[in-house]
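Down below is the structure, laid out as structure tokens.
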Amino acid sequence: MRRLLVALSLLAAILWSAPALAQARSQLGPLCTTDTTPADQMIDACNKIIALKVFKGEQLATVYFWRAVGWNKKGDYAKVITDATEAIRLQPNQAAYNLRGSAYYDRGEYDIAVADFDDALKLGPPSGTILHNRGNAWRGKGDYAKAIADYDATIKLEPKSAFSFQNRGIAKEALGELDGALADINQAIRLDPTLPQPLINRTAIWRARGDLDRAIADGSEAIRLAKEKLPVNIMTPPNSVLISGYTHRALAYEAKGDYDRAREDYKATLAIVASDVGSKANQATAKVRLSLVTDAAAPIPRDAPSPTTQPAAPAQQQTGAAPAPSPAPAVRGTRMALIIGNGAYAHVKALPNPANDARAVAKSLRYIGFIVSEGVDLDRTAMQKMTSDFLREAARAQVAVVYYAGHGVQVDGRNYLIPVDVELKAGISMTEAMIDMDTIMAGLDDQVRTNILIFDACRNNPMAQQVASAGANRGIESASGLAAPTSLGAGATLGAGTLIAFATAPGQVALDGEGANSPFSAALSRHLGTPGLEVQQMLTRVRAEVVSTTKSKQVPWSNSSLLGEVYLAER
């Protein structure tokens with residue numbers, strides 16, 4: 001789940017600080033140029049002023065700016081950007097750049113947002129609002145040091161900025177500084193006890209510490225406050241606070257084993273209309289988690305004795321359609337892995353090595369202490385059950401690793417993993433027989449857990465009619481590759497704390513190999529257990545080995561939103 005999207009201060013104050021501009025505002029009409037005007041009335045009033053074709057230059061830019069504010073209230077960020085761009089063309093000013101940058105931020109386009117905030121700062125004196133918003137964009141990019149620097153500058157200018165203390169706390173939490181994060185968020189609550197957002201963020205810290213009762217209490221108070229009044233900040237995305245509050249409290253209920261209340265909160269999350277990328281990511285998570293806790297047996301309560309586990313012992317292997325028992329319920333601190341290797345395909349040419357690859361990677365992970373669920377040559381039913389069981393139990397793990405070897409495809413911009421019994425035919429029903437990668441990502445998306453997803457799968461689309469003529473590689477036909485993993489279902493960005501690695505670069509084929517293992521999996525299993533090797537450094541070594549082994553025919557690729565250094569094998 002992405003970080004909470006909050007703390008965008010009122011932009012109107014920037015635009016209307018000068019008396020001359022205030023007078024112009026009065027001339028243009030109060031309904032269009034008053035921040036408290038309801039969105040539809042504001043847009044309608046501004047439309048009428050523009051239709052008169054009387055105003056030009058700076059005055060017309062002002063009208064476009066305020067119509068953009070109206071669109072922002074409705075969460076229509078494309079129209080915000082269009083109107084803010086026109087305002088900038090007519091009369092560049094800090095407020096218009098800041099507003100457009102905020103819209104890009106809410107769409108998850110952080111590089112463009114940073115550029116707009118930079119331009120805004122060049123046009124005038126230092127502004128706490130703009131520095132804060134740029135800090136949010138740096139945080140969205142995962143550059144927490146720059147985010148903290150901007151929040152520091154904001155707090156120096158505005159010592160009572162509750163949102164800046166809160167968001168600095170979020171950045172510190174991302175770097176693993178839980179004590180500093182808690183201190184900042186507590187200060188935000190002291191500065192304004194009526195704000196629900198800091199309470200929601202403190203909910204995540206309590207969950208990370210395993211204090212679920214405090215997490216639930218903070219989540220409940222945040223939801224009460226969010227229902228009691230509208231956000232004090234008109235730039236806060238519509239409904240984003242409630243969506244985040246329900247999602248965080250649901251995760252706490254689920255971790256505690258209270259599935260009934262978790263289900264109710266997930267349903268409440270999905271019943272609300274979302275506009276921004278953070279809210280859509282929360283809803284993607286809620287949708288998957290709801291399906292996992294529905295009709296599921298309640299796990300062992302968190303205050304009950306934890307089951308005894310032997311991470312180094314071989315886990316039961318699953319082959320074919322008969323599912324293996326799911327692992328014992330995880331407790332906080334557990335490291336879990338889901339390993340699947342599919343090669344015995346019934347309707348395309350089989351791949352000889354995925355089963356060997358899965359066993360090799362599973363062995364390496366068990367050796368370094370992971371609880372491993374392993375499956376080989378799974379049909380749709382078995383693969384779905386094994387994935388669902390893992391996602392359910394991993395909700396209370398600290399580190400989750402998913403490894404898949406076999407065929408994988410892109411259909412309409414979404415990525416799918418292919419069970420061995422799927423008959424690949426062009427048509428809408430085809431995707432229902434495969435496993436949606438976005439579902440796995442959304443099910444794991446949670447800022448209090450580290451997720452490592454590794455796919456030694458083809459990057460080709462099998463939607464051609466010649467699907468049965470596939471060769472012995474992990475591509476089924478030479479077409480477009482898998483979509484880059486930058487989205488979670490309905491347009492949300494990759495969640496914080498996640499790394500996704502592919503065996504090959506976009507548009508290329510992942511080789512199955514001439515030996516017992518694919519080039520990628522052979523290198524991965526060799527380096528996976530290296531003590532003291534940070535995971536991204538480990539993948540760099542794997543990449544170099546694969547490039548050398550394949551004579552540059554295959555170049556592994558990864559995308560990361562990790563929140564710090566991660567070591568799979570202890571230093």
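Numbers here simply count residues along the sequence, with the first being 1. As the structure is a computational prediction, the values presented were derived from the model and not from experiment.
When each of Phe117, Tyr151, Trp138 is paired with His132, the ring pair (Phe, Tyr, Trp, His ring centres under 6.0 Å) condition holds for Tyr151 and for no other. Each of Arg100, Arg139, Arg134 was checked for a side chain to side chain contact (heavy atoms under 4.5 Å, CB included) with Tyr105, and the lone residue meeting it is Arg139.
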Could you walk me through whether Met437 and Phe455 pass the side-chain contact (heavy atoms from CB on, under 4.5 Å) test, one step at a time?
CA-CA 10 Å; Met437 192 188 300; Phe455 299 102; 3.7 Å; yes

Where do Lys122 and Asp119 land on the side-chain contact (heavy atoms from CB on, under 4.5 Å) test, with the steps shown first?
CA-CA 5 Å; Lys122 292 174 185 176; Asp119 286 339; 3.9 Å; yes

Verdict with supporting geometry, Lys74 and Asp40, salt bridge (Lys or Arg N to Asp or Glu O under 4.0 Å):
CA-CA 8 Å; Lys74 294 173 69 68; Asp40 289 331; 2.9 Å; yes

Verify side-chain contact (heavy atoms from CB on, under 4.5 Å) between Ile49 and Tyr64, making sure each step is shown before the conclusion.
CA-CA 10 Å; Ile49 294 173; Tyr64 275 108; over 6 Å; no

Could you go through Ile440 and Thr387, starting from their C-alpha distance and side-chain angles, then the distance that decides it, and tell me whether this counts as side-chain contact (heavy atoms from CB on, under 4.5 Å)?
CA-CA 8 Å; Ile440 298 175; Thr387 301; 3.8 Å; yes

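The distance from the CG atom of Asn282 to the CG atom of Leu270 is 10.5 Å, given to the nearest 0.5 Å. Remark: Ser164 OG to Leu131 CG distance equals 9.0 Å, nearest 0.5 Å. A distance of 10.0 Å separates OG1 of Thr194 from CG of Leu199, quoted to the nearest 0.5 Å. Put simply, SG on Cys46 and NZ on Lys48 are 11.5 Å apart, with the number rounded to the nearest 0.5 Å. Between Ile43 atom CD1 and Gln41 atom CD the span is 11.0 Å, to the nearest 0.5 Å. The structure places CG of Asn559 at 9.0 Å from CZ of Phe502, a figure rounded to the nearest 0.5 Å.
Looking only at distances, no side-chain donor or acceptor of Asn239 sits under 3.5 Å from a matching main-chain atom of Ile272. A donor-acceptor pair under 3.5 Å is formed between the side chain of Thr203 and the backbone N or O of Gly219. Here the side chain of Lys227 pairs no donor or acceptor atom with the backbone of Leu242 at under 3.5 angstrom. In this structure, the side chain of Gln536 does not engage the main chain of Val566 through any donor-acceptor pair within 3.5 Å. Here the side chain of Thr247 pairs a donor or acceptor atom with the backbone of Ile243 at under 3.5 angstrom. Using modelled atom types, one side-chain atom of Thr285 and one backbone atom of Ala442 make a donor-acceptor pair closer than 3.5 Å. The backbone N or O of Ile185 sits nowhere less than 3.5 Å from a side-chain atom of Arg202 that would complete a donor-acceptor pair. Distance alone, capped at 3.5 Å, places no donor-acceptor pair between the Gln384 side chain and the Ile435 backbone. With hydrogens and angles disregarded, no donor-acceptor distance shorter than 3.5 Å links the side chain of Arg289 to the backbone of Ala250. Using modelled atom types, one side-chain atom of Thr294 and one backbone atom of Leu290 make a donor-acceptor pair closer than 3.5 Å.
Between Asp179 and Arg209 there is a salt bridge, since a side-chain N of the basic residue sits under 4.0 Å from a carboxylate O of the acidic one. The pair Asp150-Lys146 fails the salt-bridge criterion, with no side-chain N (NZ, NE, NH1 or NH2) lying under 4.0 Å from an Asp/Glu carboxylate O. We find that Asp192 and Lys160 are not joined by a salt bridge, their nearest charged nitrogen and carboxylate oxygen being 4.0 Å or further apart. Salt bridge Glu86/Arg89: present, at least one basic N to carboxylate O contact under 4.0 Å.
Side-chain contact between Asn136 and Tyr110 is absent, with no heavy-atom pair separated by less than 4.5 Å. Counting heavy atoms from C-beta on, the side chains of Trp206 and Leu182 come closer than 4.5 Å. Using a 4.5 Å cut-off on side-chain heavy atoms (C-beta onward), Tyr259 and Arg392 make contact. Inter-residue side-chain proximity for Tyr77 and Asn72 is flagged as met; some heavy-atom pair is nearer than 4.5 Å. At least one side-chain heavy atom of Thr129 sits less than 4.5 Å from a side-chain heavy atom of Ser127. In this structure the side chain of Gln91 never reaches within 4.5 angstrom of the side chain of Leu60, judged on heavy atoms. Counting heavy atoms from C-beta outward, Leu175 and Ile148 have side chains that approach closer than 4.5 Å. Taking 4.5 Å as the limit, some side-chain heavy atom of Leu212 sits within range of a side-chain heavy atom of Arg207.
The minimum heavy-atom distance between Thr154 and Ser161, with the atom names listed, is CG2-OG, 4.4 Å. Glu173 and Ala181 make their closest contact through N-CB, 3.6 Å (heavy atoms, listed as atom of the first residue, atom of the second, distance). Contact record, Leu178 with Ala208: CD1-CB, 4.4 Å, taken as the closest heavy-atom pair. The two residues Ala45 and Leu31 have their closest heavy-atom pair at CB-CB, 3.7 Å. The minimum heavy-atom distance between Ala188 and Ala162, with the atom names listed, is CB-O, 3.2 Å. Residue Ala103 comes nearest to Ile81 through the heavy atom pair CB-CG1, 3.8 Å, listed as atom of the first residue, atom of the second, then distance.
A side-chain donor-acceptor contact under 3.5 Å links Tyr266 and Glu254.
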